[in-house]
Peer 1: 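Please see the structure below; I have some questions.
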Amino acid sequence: MTAGAEHYFLGVDGGGTGCRARVEDGSGAVLGQGLSGPATTRLGIEEAWASISRAFNAALDEAGLGPDEVARTHVGIGLAGIGRKGALEALQAIPHSFAGIDFTSDGMGACLGAHSGRDGAIVIAGTGSIGLGFVEGRSLRVGGYGFPISDEGSGADLGLKAIRLALRANDGRLEKTALLTEVMQRFQNDPMEAVAWMDRATATDYAALAPMVMRHADQGDSAGRRIVQSAAEQIDTLVRTLFDLGAPRVTLLGGLSSPLEPWLAPDVRRRLKPADGDAVSGAIILARKAAQAH
């Protein structure tokens with residue numbers, strides 16, 4: 001980094017539901033923020049980059065940074081689906097006017113933010129689930145290969161299990177509970193409606209049932225409790241595996257993290273650490289590290 005002129009750091013967290021950007025000065029003061037819609041390579045590189053650009057342009061506008069400052073801005077971007085074949089190369093080929101851009105996955109961005117760039121790991125329990133971390137230069141990954149083959153203990157997994165049990169109860173193979181009755185009502189009590197829905201449903205559609213499953217489980221519904229207990233055991237395993245692989249600290253993140261936490265094993269709950277910062281903080285840490293390396 002050249003001495004004299006001030007450098008700026010821009011972090012972007014591009015997820016499947018939305019994209020957030022934040023720009024900071026050298027001392028860490030927030031100068032501007034921006035939001036936009038989904039940014040994942042699944043939408044295509046052009047779509048993802050358009051969303052990222054909307055978010056960072058909004059942040060730069062709010063910060064009042066002009067072309068001269070932009071040229072002294074180091075950028076870190078955590079992006080969903082960066083592991084897809086050819087995605088990183090395509091992103092790196094896009095022209096830009098920043099001092100430099102470094103990319104990582106949205107999960108690794110969240111991990112950097114959770115532990116202030118130090119060694120550690122995260123378990124994300126949201127629509128999907130995954131365990132990720134950094135330990136002494138090694139990257140850790142446990143699970144998270146996508147629904148339905150993986151993502152155990154996720155919102156999508158809860159939804160799938162609820163529908164599976166509801167169909168069994170509807171056939172008389174299982175006792176009907178309030179949860180299973182409510183699930184079947186979503187399909188007008190017609191299994192063929194569930195079949196037609198399944199043909200089009202995404203992981204997000206399955207995960208939309210998760211709040212209903214959690215509500216019934218918390219109210220003591222036997223089927224709900226069974227499903228949530230099983231999900232909690234899967235999350236327990238992800239956390240314990242990351243500790244076994246050498247992670248010094250593990251943080252639980254994602255939309256299901258708060259509702260699931262009371263269901264986790266006591267030893268796991270005791271060992272979990274709250275996050276220091278969010279995924280945008282992680283992207284800014286990435287930008288700062290890259291700037292120091294240049």
Peer 1: Has Gln188 got more than 12 heavy atoms of other residues, nucleotides or ligands less than 6.0 Å from its CD?
Peer 2: yes

Peer 1: Hey, any chance Leu253 and Leu238 share a hydrophobic cluster, counting ILVMFWY side chains that come within less than 4.5 Å of each other, even indirectly?
Peer 2: no

Peer 1: Flag yes if Val268 and Leu140 sit in one hydrophobic cluster, no otherwise; membership is Ile, Leu, Val, Met, Phe, Trp, Tyr, and two members link when side-chain heavy atoms are under 4.5 Å apart.
Peer 2: yes

Peer 1: For residues Ile235 and Leu264, determine if any side-chain heavy atom of one lies less than 4.5 Å from a side-chain heavy atom of the other.
Peer 2: yes

Peer 1: Hey, could you give me the CD1/CG distance between Ile163 and Asn170, rounded to the nearest 0.5 Å?
Peer 2: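 The CD1 atom of Ile163 sits 12.5 Å away from the CG atom of Asn170.
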
Peer 1: Kindly indicate whether the side chain of Arg226, heavy atoms from C-beta on, has any atom under 4.5 Å from the side chain of Leu165.
Peer 2: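 They are in contact (side-chain heavy atoms under 4.5 Å apart), so the answer is yes.
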
Peer 1: Is it true that a side-chain atom of Arg138 and a backbone atom of Phe134 form a donor plus acceptor pair closer than 3.5 Å?
Peer 2: no

Peer 1: Under the criterion side chain to side chain contact (heavy atoms under 4.5 Å, CB included), I'd like the reasoning laid out for Tyr206 against Thr127: C-alpha separation, chi angles, the key distance, then a yes or no.
Peer 2: CA-CA 8 Å; Tyr206 280 95; Thr127 298; over 6 Å; no

Peer 1: Return the minimal non-hydrogen interatomic distance between Arg269 and Glu261, and the atom names on each side.
Peer 2: CD-O, 3.1 Å

Peer 1: Set out, in order, the CA-CA distance, both residues' side-chain angles and the distance that settles side chain to side chain contact (heavy atoms under 4.5 Å, CB included) for Ile45 and Ile94, then state yes or no.
Peer 2: CA-CA 10 Å; Ile45 297 299; Ile94 296 171; 4.1 Å; yes

Peer 1: Between Asp106 and Gly14, which heavy-atom pair has the shortest distance, and what is it?
Peer 2: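 Shortest heavy-atom separation between Asp106 and Gly14 comes out as CB-O, 3.9 Å.
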
Peer 1: Might you confirm whether atom CD of Glu69 has over 12 heavy atoms from other residues, nucleotides or ligands at distances under 6.0 Å?
Peer 2: yes

Peer 1: Kindly give the heavy-atom pair with the smallest separation between Val280 and Gly11, and that separation in Å.
Peer 2: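 Heavy atoms only, the tightest pair is CG1-O, 3.5 Å.
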
Peer 1: Around Glu175, counting heavy atoms of other residues, nucleotides and ligands shown, do more than 12 lie under 6.0 Å from its CD?
Peer 2: no

Peer 1: Check this for me, if you would: do Arg215 and Asp221 make a salt bridge, where the nitrogen-to-carboxylate-oxygen distance has to be below 4.0 angstrom?
Peer 2: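 Between Asp221 and Arg215 there is no salt bridge, as every charged N stays at least 4.0 Å from the carboxylate O atoms.
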
Peer 1: Say you draw a straight line from CZ of Phe9 to CG of Leu286; how long is it, rounded to the nearest 0.5 Å?
Peer 2: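 Phe9 atom CZ to Leu286 atom CG measures 11.5 Å (nearest 0.5 Å).
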
Peer 1: Do the non-hydrogen side-chain atoms of Ile82 and Met108 ever get within less than 4.5 Å of each other?
Peer 2: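 The answer is no, as the side chains (C-beta and beyond) never meet within the 4.5 Å cut-off.
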
Peer 1: Over 60° means perpendicular and under 30° means parallel, so classify the ring planes of His7 and His74, tilted if in between.
Peer 2: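 Rings of His74 and His7: parallel, under 30°.
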
Peer 1: Specify the closest pair of heavy atoms between Leu10 and Ala21, including all atoms of both residues, with the distance to one decimal.
Peer 2: CD1-CB, 4.4 Å

Peer 1: Which residue is it: Leu31, Val12, Ile284? I am looking for the one with a side-chain contact (heavy atoms from CB on, under 4.5 Å) to Arg22.
Peer 2: Ile284

Peer 1: Report yes or no: do Asp218 and Trp263 form a side-chain donor-acceptor pair below 3.5 Å?
Peer 2: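 Trp263 and Asp218 do have a side-chain donor-acceptor pair below 3.5 Å.
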
Peer 1: In Å, rounded to the nearest 0.5 Å, how long is the span from OG1 of Thr251 to CG of Asp276?
Peer 2: 7.0 Å

Peer 1: Assigning hydrophobic clusters by single linkage (Ile, Leu, Val, Met, Phe, Trp, Tyr; side-chain heavy-atom cutoff under 4.5 Å), is Phe147 placed with Leu132?
Peer 2: no

Peer 1: Determine whether the side chains of Asp157 and Ser154 contain a donor N or O and an acceptor N or O closer than 3.5 Å.
Peer 2: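 No, because no side-chain N or O of Asp157 sits under 3.5 Å from a partner of the opposite role on Ser154.
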
Peer 1: Flag the pair Leu245 / Val142 as yes when at least one side-chain heavy-atom distance between them is below 4.5 Å, and no otherwise.
Peer 2: yes

Peer 1: Does Arg72 qualify as a cation-pi partner of Tyr8, given the criterion of NZ or CZ under 6.0 Å from the six-membered ring centre and within 45 degrees of its axis?
Peer 2: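 So Arg72 doesn't make the cation-pi contact.
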
Peer 1: Going only through I, L, V, M, F, W and Y residues with side-chain contacts under 4.5 Å, is there a path from Val30 to Ile77?
Peer 2: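 No, Val30 and Ile77 fall in different hydrophobic clusters.
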
Peer 1: With clusters defined by side-chain heavy atoms of hydrophobic residues (ILVMFWY) lying less than 4.5 Å apart, directly or transitively, does Phe98 cluster with Leu91?
Peer 2: yes

Peer 1: Show the nearest heavy-atom pair for residues Ala156 and Ala203, with the distance to one decimal.
Peer 2: CB-O, 3.5 Å

Peer 1: With a 4.5 Å heavy-atom cut-off, do His216 and Arg225 have their side chains touching?
Peer 2: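 Heavy-atom side-chain distance check fails, nothing below 4.5 Å.
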
Peer 1: Quiz question: by atom type and distance under 3.5 Å, do the side chains of Thr241 and Asp244 form a donor-acceptor pair?
Peer 2: no

Peer 1: Under 6.0 Å from the CZ atom of Arg42, do we count more than 12 heavy atoms belonging to anything else shown?
Peer 2: no

Peer 1: Would you tell me whether Thr177 and Ser222 have side-chain atoms, one donor and one acceptor, within less than 3.5 Å of each other?
Peer 2: no

Peer 1: Check whether any side-chain heavy atom of Thr17 lies under 4.5 Å from a side-chain heavy atom of Pro38, and answer yes or no.
Peer 2: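 Of all side-chain heavy-atom pairs linking Pro38 with Thr17, none is under 4.5 Å.
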
Peer 1: If we only count heavy atoms from C-beta on, is the Pro191 to Met184 side-chain gap below 4.5 Å?
Peer 2: yes

Peer 1: What pair of heavy atoms forms the shortest contact from Leu180 to Ala162, and how long is it?
Peer 2: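 Leu180 and Ala162 have their closest heavy atoms at CD2-O, 3.8 Å.
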
Peer 1: Quick one: pull up CE in Met212 and CD in Glu182 and give me the separation to the nearest 0.5 Å.
Peer 2: 4.0 Å

Peer 1: Is it true that a side-chain atom of Asp102 and a backbone atom of Ala287 form a donor plus acceptor pair closer than 3.5 Å?
Peer 2: no

Peer 1: Quick one: does Thr237's side chain have a donor or acceptor within less than 3.5 Å of a partner on Glu233's backbone?
Peer 2: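 Checked: pair present.
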
Peer 1: Are more than 12 heavy atoms, taken from residues, nucleotides or ligands other than Gln185, located less than 6.0 Å from that residue's CD atom?
Peer 2: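 More than 12 heavy atoms, drawn from other residues, nucleotides or ligands, come within 6.0 Å of this atom.
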
Peer 1: Counting only N and O atoms by type, is there a donor-acceptor contact under 3.5 Å from the side chain of Ser257 to the main-chain atoms of Gly254?
Peer 2: yes

Peer 1: Kindly say whether Arg54 contributes a backbone atom to a donor-acceptor pair with the side chain of Asn57 at under 3.5 angstrom?
Peer 2: no

Peer 1: If we only count heavy atoms from C-beta on, is the Arg240 to Asp267 side-chain gap below 4.5 Å?
Peer 2: yes

Peer 1: Evaluate Ser129 against Gln234 for side chain to side chain contact (heavy atoms under 4.5 Å, CB included), listing each step before the verdict.
Peer 2: CA-CA 10 Å; Ser129 71; Gln234 296 293 340; over 6 Å; no

Peer 1: Could you tell me whether a side-chain N or O of Ser281 sits under 3.5 Å from a main-chain N or O of Asp278, the two making a donor and an acceptor?
Peer 2: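 Checked: pair present.
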
Peer 1: Within a radius of less than 6.0 Å around CZ of Arg141, do more than 12 heavy atoms belonging to other residues, nucleotides or ligands occur?
Peer 2: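 Atom CZ in Arg141 is packed in, count exceeds 12.
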
Peer 1: For Met198 and Val195, run side chain to side chain contact (heavy atoms under 4.5 Å, CB included): C-alpha distance rounded to whole Å, both residues' side-chain angles, the deciding distance at 0.1 Å, then the answer.
Peer 2: CA-CA 5 Å; Met198 170 185 72; Val195 173; 4.3 Å; yes

Peer 1: Quick one: pull up CG in Leu158 and CG in Leu256 and give me the separation to the nearest 0.5 Å.
Peer 2: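 Here the interatomic distance stands at 5.5 Å.
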
Peer 1: May I ask you to decide if Gly81's main-chain N or O and Thr40's side chain share a donor-acceptor pair within less than 3.5 Å?
Peer 2: no

Peer 1: Nearest 0.5 Å please: distance from the CD1 atom of Ile122 over to the CG atom of Leu272.
Peer 2: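 With rounding to 0.5 Å, CD1 (Ile122) is 12.0 Å from CG (Leu272).
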
Peer 1: For the pair Arg186 and Glu193, find out whether any cationic side-chain nitrogen is under 4.0 Å from an anionic carboxylate oxygen.
Peer 2: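 Looking at Glu193 together with Arg186, the answer is no, because their closest N to O distance does not fall below 4.0 Å.
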
